[in-house]
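See below for the structure under consideration.
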Amino acid sequence: MSSFSIYKLIYFIGLALILIGGYRIYNQLSHGDTIISVGLLTYAIVQLYLLIKQGIGNWSIFEYTKTTVNVLFIFSVILLMGFESKAWFYPLVLGMLLDFFANIFRRVNRS
């Protein structure tokens with residue numbers, strides 16, 4: 001099994017945990033905040049590791065944007081778990097919007 005497919009597996013496990021945790025938070029079930037935090041950390045750490053492994057000298061605006069998104073996700077987890085703040089979803093939503101538009105602009109630049 002190649003190392004990239006292992007990272008891809010961990011990445012998709014993180015996404016699944018984010019969805020499960022979000023569902024549990026939405027329905028006010030127990031441990032939703034813990035599950036979404038683990039999922040966000042898994043997702044962000046794998047992406048940051050792959051970005052840094054690529055080499056900062058080769059980065060374009062897309063890689064800088066993805067790094068900002070992952071830092072926002074980690075900040076959201078810190079607000080949620082560390083400070084138990086009610087405003088933890090603001091950096092999460094901002095990161096999701098930034099990620100969405102970064103992916104759209106990347107596809108536009110390719111074509």
Side-chain angles (χ1 to χ4, degrees):
M1 208 172 174
S2 71
S3 64
F4 185 71
S5 63
I6 291 171
Y7 294 126
K8 201 181 226 184
L9 174 69
I10 295 169
Y11 173 82
F12 284 119
I13 288 172
L15 284 176
L17 289 173
I18 291 169
L19 292 174
I20 292 168
Y23 175 79
R24 293 186 70 85
I25 286 175
Y26 181 74
N27 289 324
Q28 298 176 352
L29 300 171
S30 63
H31 304 296
D33 54 348
T34 306
I35 295 170
I36 199 169
S37 296
V38 170
L40 281 171
L41 285 177
T42 304
Y43 175 86
I45 289 172
V46 166
Q47 275 198 350
L48 285 173
Y49 176 75
L50 292 175
L51 284 170
I52 291 171
K53 188 177 176 183
Q54 175 185 348
I56 296 174
N58 301 345
W59 281 14
S60 64
I61 191 72
F62 178 74
E63 281 80 12
Y64 287 111
T65 307
K66 285 300 237 185
T67 303
T68 305
V69 166
N70 290 311
V71 168
L72 283 170
F73 287 166
I74 292 172
F75 183 64
S76 176
V77 169
I78 290 170
L79 286 176
L80 175 63
M81 298 303 288
F83 298 112
E84 296 179 6
S85 173
K86 301 278 187 214
W88 66 272
F89 53 87
Y90 291 124
L92 177 70
V93 171
L94 180 63
M96 289 171 44
L97 285 173
L98 192 60
D99 189 34
F100 176 74
F101 287 117
N103 287 330
I104 288 176
F105 290 138
R106 183 177 185 194
R107 289 176 196 242
V108 166
N109 285 339
R110 275 196 220 162
S111 58

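Computed over heavy atoms, backbone and side chain alike; hydrogens, waters and symmetry mates excluded. Count residues from 1 along the sequence.
When the side chain to side chain donor-acceptor pair (under 3.5 Å) test is applied to E63, the partners found at least two apart in sequence or on another chain are S60.
The cluster map of Ile, Leu, Val, Met, Phe, Trp and Tyr, joined by side-chain heavy atoms under 4.5 Å apart, puts F12 and M96 in the same cluster. In this structure, L41 is not a member of the same hydrophobic cluster as L19, with clusters built from ILVMFWY side-chain heavy atoms closer than 4.5 Å. Residues I104 and Y64 fall into different hydrophobic clusters, defined by Ile, Leu, Val, Met, Phe, Trp and Tyr side chains chained together at heavy-atom separations under 4.5 Å. The hydrophobic clustering, which links ILVMFWY residues whose side-chain heavy atoms are closer than 4.5 Å, places L72 and F101 apart. Cluster membership for V71 and L98, using ILVMFWY side-chain heavy atoms within less than 4.5 angstrom, is not shared.
When atom types are taken as modelled, the side chain of N103 and the backbone of D99 share a donor-acceptor pair closer than 3.5 angstrom.
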- Applying side-chain contact (heavy atoms from CB on, under 4.5 Å), run through M81 and T34 and close with a yes or a no. CA-CA 8 Å; M81 298 303 288; T34 306; 4.0 Å; yes
- Applying side-chain contact (heavy atoms from CB on, under 4.5 Å), run through F89 and L79 and close with a yes or a no. CA-CA 9 Å; F89 53 87; L79 286 176; over 6 Å; no
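Shortest non-hydrogen contact noted between L17 and I35 is O-CG2, 3.3 Å. For A44 against I74, the heavy-atom pair with the smallest separation is CB-CG1, 3.8 Å. F73 approaches L92 most closely through the heavy-atom pair CE2-O, 3.6 Å.
Annotation: F75, atom CZ; neighbour count of heavy atoms from other residues, nucleotides and ligands within 6.0 Å does not exceed 12.
Taken from OG in S30 to CD1 in I25, the straight-line distance is 11.5 Å, to the nearest 0.5 Å. Note: W88 CH2 to I78 CD1 = 14.0 Å, rounded to the nearest 0.5 Å. To the nearest 0.5 Å, atom NE2 of residue H31 and atom CZ of residue R24 are 7.5 Å apart. In this structure, CG on L80 lies 10.0 Å from NZ on K86, to the nearest 0.5 angstrom. Rounding to the nearest 0.5 angstrom, the gap separating the OH atom in Y11 from the CD1 atom in I45 is 14.5 Å. Taking OG1 from T68 and CG from L94, the interatomic distance works out to 9.5 Å, rounded to the nearest 0.5 Å.
When each of D33, I36, L40 is checked for a side chain to side chain contact (heavy atoms under 4.5 Å, CB included) with V77, only L40 meets the rule.
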